[in-house]
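What follows is a single structure, written as structure tokens, with notes after it.
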Amino acid sequence: MKILGIETSCDETALSLIEASGDLRQPKFKVVDTALYSQIEAHRPFGGVFPSLAKREHSQNLIPLLTSLLEDKTKAKKTPQVLEEETTQTLTEIFSREPELLEHFLKYIPTREKPDLDFIAVTSGPGLEPALWVGINFARALSLIWQIPVLPVNHMEGHMVSVLSEKSPQIHFPAISLLISGGHTEIILIKNWGNYTILGSTKDDAVGEAFDKVARILEMPYPGGPEISRLANLARKNEFFSNSPEVPEIKLPRPMISSKDYHFSFSGLKTAVLYLVKKLTAENELTEEIKQRIALEFEEAVTEVLFTKTSRALKEFGARTCIIGGGVIANKHIRETFAKLKQEEINVLVPEVDLTTDNATMIAMAGFLKSFRVKPEMELEILANGNLKF
Ligand code: KG4
Ligand code: ZN
């Protein structure tokens, strides 16, 4: 089965063409091709993702990405297809808020043969609604022109299934999933694909958000996760060679680490960093080395909380598979810490590095698994839902 995945929930514009086979017990995936444009540079001056800019960037980039994706897979038509009045009218309605995308679409799509596809999987939430709408409208327009059905997909289910990739690991249910991204922090009990119970989530900031905010406090650029991780690794190196004996010990809290539930809270941790940095700045003691020590202690505090709670959930539910997804699992220290669960015969699955942050392959894969529960449909009304839940 051939599936086109479309992802525009945040600041990556992504398309992916996959071939899926097998069944829910043993799904198999082959990535035919991907096209991705990261808007990070555009958002960096704002210190975070700016929704209306994300929407504009998606509108500008979808057609160029599709062009490169289809270039060697479909033929150019000898004479461009002439669209019926009614079709053009419907496309104009679909893209009423993306005139630029409509223009690109009308220029390019009628000149290309339709690709060999079974359905289109598109992210419908959670995420930034203006950004989500661009992908949804694009999917609906392609569906209309190519007469191919569409299936809306939950972005977080995408992160969850990103561990499958082409390796198709054996998954024994129940499994516990830890989803850690810029907008979410959740521990989920998976009884089967499609059968999810959220055991706990964050009461305030998401982990990735905390990384981003702490980076900003330390005057590091957006996105903060990779920056904090880089600083923390420098501190580890210094510690190893004991290059900085006079750096005072820095201690940060491990919020909710002993609470009986599976909820998280990271805003207090961020505030603790803020006060510490203010104090050190006032005392003129915020050196590069101390910044690195703060990053290290922050990364360790976050990792300990995530690890402790996830381990407890694995035990409580007798799960032997731990699935981790979301941009924050790009973090090396978190990956290495969770790899220790293998000693307890837990099968720890993390995505390959290019599938950790937002991408469309995970959306196409989640679409395939969902298609066993819900049939993709033609002329589907899909609503963007910024707060979509499982
Ligand atoms: O999943 P994702 O690409 O987008 C959302 O769905 O939110 O996650 C982005 C988040 C950002 O907050 C970013 O700072 C964080 O993932 N991130 C990291 C690392 N790389 C990206 N956090 C910690 N360590 C990293 N190496
Ligand atoms: Zn994401």
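As the structure is a prediction and not an experimental result, all values here were calculated from the model. Both ligands and their constituent atoms are indexed starting at 1 by order of listing.
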Taking heavy atoms and a distance under 4.0 Å, where does His155 meet ligand 1: side chain, backbone, both or neither? side chain
So, Asp261 and Lys309, do they make that salt bridge, N to O below 4.0 Å? yes
Would you mind running through ligand 1 and noting each atom that sits below 4.0 Å from a heavy atom of Gly183? 7 (O)
I want to know if ligand 1 touches Thr356 in the polar sense, i.e. an N/O pair below 3.5 angstrom. no
Are Pro226 and ligand 1 in contact, using a heavy-atom cut-off of under 4.0 Å? yes
Answer with yes or no whether the side chains of Ser168 and Glu166 bring together a donor and an acceptor at under 3.5 Å. no
Based purely on interatomic distance, does Gly327 place a nitrogen or oxygen under 3.5 Å from a nitrogen or oxygen of ligand 1? yes
Taking side chain as C-beta onward, heavy atoms only, is Thr8 less than 4.5 Å from Thr123? no
Asp358, any N or O under 3.5 Å of ligand 1 N or O: yes
Has Glu86 got more than 12 heavy atoms of other residues, nucleotides or ligands less than 6.0 Å from its CD? no
Please state whether Lys332 comes within less than 4.0 angstrom of ligand 1, counting heavy atoms only. no
Identified side chain to side chain contact (heavy atoms under 4.5 Å, CB included) partner of Leu306 from the options Ile187, Asn331, Val207: Val207
Atom 15 (C) of ligand 1 - nearest protein heavy atom and its distance: Val328 CG2, 4.0 Å
Less than 4.0 angstrom from a charged side-chain N to a carboxylate O is my criterion; do Glu381 and Arg140 meet it? yes
Sub-4.5 Å side-chain heavy-atom contact between Met256 and Val305: no
Salt bridge check, Lys332 against Glu299: does any charged N sit closer than 4.0 Å to a carboxylate O? no
Heavy-atom side-chain contact between Ser16 and Val31 under 4.5 Å: yes
Decide yes or no for Leu142 and Phe105: does some side-chain heavy atom of the first lie under 4.5 Å from some side-chain heavy atom of the second? yes
How far is atom 18 (C) of ligand 1 from the closest protein heavy atom, and which atom is that? Gly225 CA, 3.5 Å
Is it the case that ligand 1 has an N or O less than 3.5 angstrom from some N or O of Thr357? no
Using a plain distance cutoff, I'd like to know if Gly208 has any nitrogen or oxygen under 3.5 Å from a nitrogen or oxygen of ligand 1. yes
Looking only at distances, please establish whether an N/O atom of ligand 1 is found under 3.5 Å from an N/O atom of Gly182. yes
Do Leu83 and Pro110 have side chains that get closer than 4.5 Å, going by heavy atoms? yes
Please work out which of Asn331, Asp212, Val49, Val214 has its closest non-hydrogen atom nearest to atom 24 (N) of ligand 1. Asn331
Under 4.0 Å from ligand 1, counting heavy atoms only, is it the side chain of His159, its backbone, both or neither? side chain
Can you list the ligand 1 atoms lying under 4.0 Å from a non-hydrogen atom of Ala330? 20 (N), 26 (N)
Any N/O/S atom, backbone or side chain, of His184 lying under 2.8 Å from the Zn ion (ligand 2)? no
With rounding to 10 degrees, Asp358 OD1, the Zn ion (ligand 2) and His159 NE2 define an angle of 100°
